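A quick write-up on the structure given underneath.
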Amino acid sequence: MKNYLWIGVKLTLITLVFFAGIYTLFILGIAQMAPNQGKGIMTESNGKKFYSNIGQSFTDAKYFNSRPSAVNYNAAGSGGSNKGPSNPEYLAEVQKRIDTFLIQNPEIKADEIPADMVTASGSGLDPNISVKSAKVQVKRIAKVRNIEEKKLQDLIAQNTEKPLLGLFGPEKINVLQLNIALDKLK
Amino acid sequence: MNTEIIGIIAMFVLTLILAIPLGKYISKVYSGQKTFLDPVFLPIEKLFYKISGIDSKKEMNWKQHMVALVAINVVWFVLGMIILLCQGSLPLNPDNNPSMTPDLAFNTIISFLVNCNLQHYSGETGVSYLSQLFLMFLQFVSAGIGLAAAAVLFNALKERTTETLGNFYNYFIKSCTRILLPISVIVATILLFNGTPMTFEGKQAMTTLQGDSVEVSTGPAAAFTAIKHVGTNGGGFFGTNSAHPLENPNYLTNIVEMIAQMIIPFAMVFALGFYLNRRKLSWMIFGVMTVGFLALTIPTVVTEMNGNPALTQMGIDTTSGATEGKEVRFGAAASGYWSIATTVISTGSVNSMHDSAMPLSGMNQLLAMMINCFYGGCGVGILNFYIFIILAVFISGLMVGRTPEFLGKKIEAREMKIAMIIALLHPFLILVGVALSTAFPEQGASTLNNPGFHGFSEILYEFTSSAANNGSGFEGLGDNNPWWNITTGIVLLLSRFLPIIGPVAIAGILASKKHIPESAGTLKTDTSTFGLMVFAVIFIIAALSFFPSLTLGPIAEYFTLY
């Protein structure tokens, strides 16, 4: 046993150098060729830089709102609500979100509200909403910003991300990109 | 057809297509044949052997293999405890995260040692970058240990009579360098170009478009996320694992991470067939595993896509499925698929929060871990499945009145005893743990995030995940306290090493027995009839042991919702 332990110590040291050290440096090297040197993909607008993949809290009536978040979109951490589907407290909270949404969007009926608009994401940092969730907010934004609804519909169509290769996965909208485009709309 | 459905079918088919050639490659690696990566890795491996004083040609018997395996794990445990207990004062800690408490360090090191990655901490605040790198090292070597143990099994199944079964260090090092490393490099590169960070800078400040100030955690995530999947470890760099938009930025990375975690468990089944030159046996095993996997996956995907009936009742549009705890970029189908894939194999990474999944999905996730051998983790999946084969051979032998034989070796009382102990250990650890936590509400019930039946499921899930060395969780559970850290730590240890030692011992004992050539009286083990038999054994053991506990949790919750 003693002999095996001693071999184990030596083997650990050399493999530690290799797998924690050299492998890491190798990937770090490849990262220098990746977008933004592997520091995360950024979006720029009006001189401000944003992480494209990190969702942001949009609660203003003049913006397309993002999904509810269990960590309030603070990316220092991440987290979902972890509420079970039958939890009465959770169901009451969802009902409250629906009521709030109906007050903020008086022209919308409950059956037009997509589930993702009133449920929290897994990471709490979801950068996307569904296409339906964007469309359901058009009437409100048109009123607040005094823009034709048609223009907003077109904006949504331009910012809709198709499934991968047109084949795999859901359609979606990056809320940040859509709102940046919205701010630029005249 | 729906693009979400096409997406998950593509993931399965692509994994299968890639796994067959990989299986052939793995069989070549373990049988010592030439491969195209020899020029790269031969010099590196020679250096490892030279520095450690290893004679990689020295043959070992099964006991020596297991002593070597346990010894090196002891070294990793000690070193890991030191690093986690002192990380606050060690370098590479730009966010000034504190050192771990002893019970959390104990749980964390064990869970990475055993390829589980239970993670009672959150990556952003709980560990320094140095600790992350050490944990990443454990992700490589713990997967390598599982693969090496499977290689010993492969060797023992050859048709001959022998005591010696190859060299442990040879299998272990080759598993890490020639199998895990190249795939990890490919996966990490794809992740990098899709936005997963790889940097040693700390948290970055960002002002949002709306004007809020937030901080964004980054770090060397790409290297970590790659091996976390390839080695079926599953420990997330960030707290929410592969649901985090930096750890899994888009649908393409989701496909890549899904293939990365399933490919080695698939390939090991084919490797066995190539190695023993018994392709039909491979397809029998793969068939049984796939039937089991689909039986769990299809209902889960359907349930998740149908959405939460309680929300439908509120009158909103739930056509996009059960969206609580899910990311829009993956959708309900890919989230449901992932939740079963990650639990049948022992990865335990998540791209949606399992705690918020529908009751039927939660039950299937639990069942996947309770069975723990439909594909299974790196190497250990096939070891677990081997136990069920031994049981099935014995039972069908009794049923038709033939001597129970597997691959020309007679199975006798001693092997059966070991197989039974290993098969019963899993339910024993889970159910005793759950019973204790439920019996003491100040330890169990007080840590729950949900009331009622779902709360019970949280306790059941935590122990099942530990005993299956899975590492996913119903994460609402407040699990960072001495009770959970220590009890699950003990379960993790027992449920890792005994189920490795048991099957290797059986195989080692069988290998030393006289080889009996196949005759008309031999029970054929590569037929679909025998496959059905294995499936029945698995089903009966899982159903009988776990049905009562499932009734109290997910099944009861199902009837409150529907």
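Below, each value reflects all heavy atoms present in this structure, side chains not excepted, and no hydrogens, waters or symmetry copies. Only a predicted model underlies this, so the values are computations on that prediction, with no experimental measurement involved. In what follows, chains are A, B, ... by sequence order, proteins preceding strands, each numbered from 1.
Separation of atoms CD1 (A/I54) and OH (A/Y73) is listed at 11.0 Å; rounding is to 0.5 Å. The OG atom of A/S66 sits 9.0 Å away from the CG atom of A/D126 when rounded to the nearest 0.5 Å. To the nearest 0.5 Å, the span separating NZ on B/K50 from CD on B/E45 amounts to 15.5 Å. For the atom pair CD1 (A/I98) and CG (B/L311), the distance works out to 7.0 Å, reported to the nearest 0.5 Å. Put simply, CZ on B/F168 and CE on B/M66 are 6.5 Å apart, with the number rounded to the nearest 0.5 Å. Atoms SG and CD1, from B/C176 and B/I44 in turn, are 12.5 Å apart once rounded to the nearest 0.5 Å.
Contact annotation for B/L477: neither backbone nor side-chain heavy atoms come within less than 4.5 Å of a heavy atom of chain A. Only the backbone of B/K326 comes within less than 4.5 Å of a heavy atom in chain A; its side chain stays farther off. Contacts between B/M136 and chain A at a heavy-atom distance below 4.5 Å involve the side chain alone, from C-beta outward. With a threshold of 4.5 angstrom between heavy atoms, B/S352 does not approach chain A through any atom at all. Using a 4.5 Å cut-off between heavy atoms, A/L16 touches chain B through backbone and side chain atoms alike. Both the backbone and the side chain of A/I113 come within less than 4.5 Å of a heavy atom in chain B. Only the side chain of B/E201 comes within contact range of chain A, with heavy atoms under 4.5 Å apart. Of the two parts of B/I8, neither the backbone nor the side chain holds a non-hydrogen atom closer than 4.5 Å to a non-hydrogen atom of chain A. The part of B/M206 that comes within reach of chain A is its side chain, from C-beta onward, which places non-hydrogen atoms under 4.5 angstrom from that chain. Proximity to chain B is limited to the side chain of A/Y90, based on heavy atoms less than 4.5 angstrom apart. Heavy atoms closer than 4.5 Å to chain A are found nowhere in B/F453, neither backbone nor side chain. When heavy atoms are compared at a cutoff of 4.5 Å, A/T59 approaches chain B by way of both its backbone and its side chain. In this structure, no portion of A/M117 lies under 4.5 Å from any heavy atom of chain B. When heavy atoms are compared at a cutoff of 4.5 Å, A/K49 approaches chain B solely by way of its backbone atoms N, CA, C and O. A/E161 does not touch chain B: none of its heavy atoms, backbone or side chain, sits under 4.5 Å away. A/K48 touches chain B through its side chain: at least one heavy atom from C-beta onward sits under 4.5 Å away, while N, CA, C and O do not. Of the atoms belonging to B/L252, heavy atoms from both backbone and side chain fall under 4.5 Å from chain A. Interface remark: B/N449 contributes backbone and side-chain atoms alike to the contact with chain A (heavy atom separation under 4.5 Å). Heavy atoms of B/L209 lying under 4.5 Å from chain A belong to its backbone as well as its side chain. Heavy atoms closer than 4.5 Å to chain A are found in both the backbone and the side chain of B/T208. If you measure heavy-atom distances from A/P68 to chain B, you find no contacts under 4.5 Å at all. Contact annotation for B/F140: only side-chain heavy atoms (C-beta onward) come within less than 4.5 Å of a heavy atom of chain A. For B/H244, the parts lying under 4.5 angstrom from a heavy atom of chain A are both the backbone and the side chain. When heavy atoms are compared at a cutoff of 4.5 Å, A/I173 does not approach chain B at all. Both the backbone and the side chain of A/F58 have a heavy atom closer than 4.5 Å to some heavy atom of chain B.
Listed options B/G239, B/P245, B/G7 were ranked by heavy-atom pairs under 4.5 angstrom with chain A; first place goes to B/P245. If you tally non-hydrogen atom pairs under 4.5 Å between each of B/M11, B/E124, B/E327, B/E247 and chain A, the highest count goes to B/E327. Counting heavy-atom pairs closer than 4.5 Å to chain B, the top residue among A/A34, A/A76, A/S133 is A/A76. With chain A as partner, the option from B/K203, B/Q132, B/E475, B/H354 having the largest number of non-hydrogen pairs under 4.5 angstrom is B/E475. For the set B/F238, B/F330, B/F474, the count of heavy-atom pairs under 4.5 angstrom toward chain A peaks at B/F330. When each of B/M314, B/H454, B/M353 is checked for heavy-atom pairs under 4.5 Å with chain A, B/M314 comes out on top. In terms of heavy-atom pairs under 4.5 angstrom with chain B, the leader among A/T24, A/N53, A/I41 is A/N53. Heavy-atom pairs under 4.5 Å with chain A peak, among B/A226, B/G331, B/A10, B/G315, at B/G315. Of the residues considered (A/A110, A/P114, A/G55), A/A110 shows the highest number of contacts with chain B, using heavy-atom pairs under 4.5 Å.
In this model, a donor atom of one side chain and an acceptor atom of the other lie less than 3.5 Å apart for A/R140 and A/N105. Checked by atom type, the side-chain pair B/T240/A/S123 shows no donor-acceptor distance below 3.5 Å. In this model, no donor atom of one side chain and acceptor atom of the other lie less than 3.5 Å apart for B/T303 and B/S361. A donor-acceptor pair shorter than 3.5 Å can be found between the side chains of B/T253 and B/N248. B/N450 and B/E458 are linked by a side-chain donor-acceptor pair at a separation below 3.5 angstrom, with hydrogens and angles left out of the test. The closest side-chain donor-acceptor pair between B/S122 and B/T125, if any, does not fall under 3.5 angstrom. For the residue pair A/Q158 and A/D154, no side-chain donor N or O sits within less than 3.5 Å of a side-chain acceptor on the partner.
Using bins of under 30°, 30° to 60° and over 60° for the plane-to-plane angle, the ring pair B/F48/A/F18 lands in the perpendicular bin. Between B/F137 and B/F134, the angle of the ring planes lies from 30° to 60°, which puts this pair in the tilted group.
Inter-residue side-chain proximity for B/E324 and A/S81 is flagged as met; some heavy-atom pair is nearer than 4.5 Å. Within the 4.5 Å cutoff, the side chain of A/N174 has no heavy atoms near those of the A/T43 side chain.
Both cation-pi conditions hold for A/R145 and A/Y63: the charged atom is under 6.0 angstrom from the six-membered ring centre and inside a 45 degree cone around its axis.
A salt bridge links A/E107 to A/K143: one of the charged nitrogens lies within less than 4.0 Å of a carboxylate oxygen.
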